[in-house]
Amino acid sequence: MKEKIKEFVLGLGVDDVGIAAVKDYKSTRSPDLQSILPGTKSLVVLAYKELSNCESENMQIAMGGRLDTLEFARSSNYRVARFLEREFKAKAMTVPPSYPLHMSYETKGTVGDVSLRHAAIAAGLGNFGRHNLVIHPTIGSRVVFTAVITNLEMSSDPPATEKLCTDCNICVENCPAHALDEEGKTDDMRCLKISQPYGIGSAIRFWTKFAEGTTEEQKKMVKDVNFWRLYQAGFIGFQYFCFSCMKSCPIGQS
Ligand code: B12
């Protein structure tokens with residue numbers, strides 16, 4: 001069964017796929033998978049190479065490349081879930097690459113319902129680097145994941161035991177937010193401020209100032225680049241303005 005699933009996934013053009021038995025998925029901060037799909041027994045984890053767009057200083061091109069990856073990832077997720085249901089009469093549910101996310105004041109949208117990094121590690125698709133991203137044995141750090149959880153009983157693929165991070169510290173030195181200074185923990189708020197600068201915080205600040213401004217100040221504010229970027233982020237959904245830890249990592253680039 002595992003081979004048939006992998007053949008199907010790779011046939012879609014997905015870069016790699018791994019399978020994890022539910023007992024090997026260990027994410028302490030995310031909810032129990034049984035609360036999402038009662039009877040979950042395994043996860044099929046899909047790996048996609050990030051496009052070279054992430055290297056561009058042009059943030060429209062960089063984020064556009066990510067949106068292309070996300071669109072392909074979401075459609076691959078759907079096809080894999082339907083394949084499991086059709087071929088094996090399984091129950092299957094897709095895990096989104098990023099949003100929607102549980103939103104609350106407590107978590108501030110920083111905890112996924114299924115942690116895809118922990119899922120990828122359990123499925124043998126890599127291990128954590130100094131940047132707290134999962135490094136894939138051949139793709140390197142420029143990789144994103146999705147998953148399909150299912151009630152099919154399957155064993156885990158062998159773990160990637162070889163340490164893939166070389167501790168070169170380039171990611172730490174290149175992080176403009178200093179979000180990686182503490183080993184083993186990303187400072188989410190520092191990262192968010194630089195990587196998603198046009199989120200809810202910026203919108204509140206902008207519109208509060210706008211509401212309190214004089215007509216002259218308001219006219220000036222709509223000419224400001226922040227207004228136009230907030231407007232765009234509003235309909236894109238969210239927009240990354242930083243890919244530094246991914247793109248600066250030399251692993252998999254030679
Ligand atoms: C919310 C979120 C964010 C938040 C919060 C990040 C965070 N600290 O978890 C913000 C906005 C800051 C963010 C930033 C980024 N994100 Co993000 N994010 C997510 C999301 C949606 C949920 C993550 C989550 O649940 N975190 C909470 C729990 C799981 O984390 P945790 O248990 O506390 O573990 C943390 C540490 O304890 C540490 N850790 C845990 N165990 C261990 C073990 C060892 C040995 C080590 C060293 C570390 C370590 O790693 C975690 C990072 O802080 C996932 C998608 C998903 N559903 O998983 C993508 C995801 C993690 N993001 C991703 C990416 C690529 C990014 C960015 C590069 C932004 C960008 N331009 O794409 C940066 C990288 C930041 C970084 N270097 O850590 C990818 C990572 C892919 C990969 N190769 O690992 C994911 C998996 C999305 C995807 N579909 O692939 N992200």
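What you see is a predicted model; the values in this text were computed from it and never measured. In what follows, residues are counted from 1 in the order of the sequence shown. First listed ligand is number 1; within each ligand, the first listed atom is number 1. FYI, side chains are in, hydrogens and waters are out, and symmetry mates aren't considered; it's all heavy atoms of this structure.
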Ligand 1 contact on [X] by region, counting heavy-atom pairs under 4.0 Å:
{"X": "C245", "result": "side chain"}
{"X": "S115", "result": "both"}
{"X": "A73", "result": "neither"}

Is [atom] touching the protein, meaning some protein heavy atom lies under 4.0 Å away?
{"atom": "atom 82 (C) of ligand 1", "value": "yes"}
{"atom": "atom 20 (C) of ligand 1", "value": "no"}
{"atom": "atom 55 (C) of ligand 1", "value": "yes"}
{"atom": "atom 4 (C) of ligand 1", "value": "no"}
{"atom": "atom 85 (C) of ligand 1", "value": "no"}
{"atom": "atom 48 (C) of ligand 1", "value": "yes"}
{"atom": "atom 69 (C) of ligand 1", "value": "yes"}
{"atom": "atom 23 (C) of ligand 1", "value": "yes"}

Looking only at protein heavy atoms, which one is nearest to [atom], and what is the separation?
{"atom": "atom 17 (Co) of ligand 1", "value": "Y240 OH, 4.4 Å"}
{"atom": "atom 52 (C) of ligand 1", "value": "R117 NH1, 3.2 Å"}
{"atom": "atom 53 (O) of ligand 1", "value": "T186 N, 3.3 Å"}
{"atom": "atom 71 (N) of ligand 1", "value": "C242 O, 2.8 Å"}
{"atom": "atom 37 (O) of ligand 1", "value": "G184 O, 3.6 Å"}
{"atom": "atom 25 (O) of ligand 1", "value": "G112 N, 2.6 Å"}
{"atom": "atom 80 (C) of ligand 1", "value": "L133 CD2, 3.7 Å"}
{"atom": "atom 33 (O) of ligand 1", "value": "R29 NH1, 2.8 Å"}

Side chains of [Y] and [X]: any donor to acceptor distance under 3.5 Å?
{"X": "S244", "Y": "N174", "value": "no"}
{"X": "S115", "Y": "Y25", "value": "no"}
{"X": "T107", "Y": "T110", "value": "no"}
{"X": "Q34", "Y": "D32", "value": "no"}
{"X": "D16", "Y": "H136", "value": "yes"}

task: Could you tell me whether K108 sits above the aromatic face of Y105, with NZ or CZ closer than 6.0 angstrom to the six-membered ring centre and within 45 degrees of the axis?
output: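 The answer is yes; both the distance and angle limits are met.
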With heavy atoms of [X] as the reference, note each atom of ligand 1 found under 4.0 Å away.
{"X": "G109", "value": "1 (C)"}
{"X": "V144", "value": "88 (C), 90 (O)"}
{"X": "V114", "value": "56 (C), 57 (N), 58 (O)"}
{"X": "H131", "value": "76 (C), 77 (N), 78 (O)"}
{"X": "P97", "value": "55 (C), 87 (C), 88 (C), 89 (N)"}

Evaluate [X] for polar contact with ligand 1, using N/O atom pairs at a separation under 3.5 Å.
{"X": "L192", "value": "no"}
{"X": "K185", "value": "no"}
{"X": "D188", "value": "yes"}
{"X": "V111", "value": "no"}
{"X": "R66", "value": "yes"}
{"X": "Q196", "value": "no"}
{"X": "L180", "value": "no"}
{"X": "F243", "value": "no"}
{"X": "L116", "value": "yes"}
{"X": "F145", "value": "yes"}

field: M93 side chain reached by V95 side chain, heavy atoms, under 4.5 Å
entry: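 Contact flag for V95/M93 side chains = no.
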task: Would you indicate whether the side-chain heavy atoms of I19 and K6 approach each other to under 4.5 Å?
output: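 Of all side-chain heavy-atom pairs linking I19 with K6, at least one is under 4.5 Å.
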field: S156 OG to K2 NZ distance, which is reported to the nearest 0.5 Å
entry: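 Spacing of OG (S156) from NZ (K2) equals 7.0 Å.
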Does [X] reach the main-chain N or O of [Y] with its side chain, forming a donor-acceptor pair under 3.5 Å?
{"X": "S56", "Y": "N53", "result": "no"}
{"X": "R130", "Y": "I170", "result": "no"}
{"X": "W228", "Y": "V222", "result": "yes"}
{"X": "S30", "Y": "S27", "result": "no"}
{"X": "T186", "Y": "D188", "result": "no"}

query: Are E85 and R82 close enough for a salt bridge, meaning some N to O gap below 4.0 Å?
result: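 Result for this pair is yes, salt bridge flagged.
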Measuring from the heavy atoms of [X], does anything fall under 4.0 Å of ligand 1?
{"X": "T28", "value": "no"}
{"X": "M189", "value": "no"}
{"X": "H118", "value": "yes"}
{"X": "C171", "value": "no"}

task: Go through the steps for K4 and E7 under the test salt bridge (charged side-chain N to carboxylate O under 4.0 Å, His left out), then give the verdict.
output: CA-CA 5 Å; K4 213 169 170 189; E7 197 189 329; over 6 Å; no
Kindly check if the number of other-residue, nucleotide or ligand heavy atoms within 6.0 Å of [atom1] ([X]) is above 12?
{"X": "E153", "atom1": "CD", "result": "no"}
{"X": "K209", "atom1": "NZ", "result": "no"}
{"X": "K49", "atom1": "NZ", "result": "yes"}

- prompt: Going through the distances and angles, do E55 and R142 end up as a salt bridge (charged side-chain N to carboxylate O under 4.0 Å, His left out)?
  reply: CA-CA 10 Å; E55 287 170 20; R142 294 188 186 184; 2.7 Å; yes
- prompt: Among I135, I194, T110, which one has a heavy atom closest to atom 2 (C) of ligand 1?
  reply: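 Answer by nearest heavy atom: T110.
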- prompt: Would F145 and H118 count as a close aromatic pair, with their ring centres under 6.0 Å?
  reply: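 Not close enough - the centres of the two rings lie 6.0 Å or further apart.
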query: Which word best sums up how the rings of F227 and Y231 line up, parallel for under 30°, tilted for 30 to 60°, or perpendicular for over 60°?
result: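 The rings of F227 and Y231 lie parallel, inter-plane angle below 30°.
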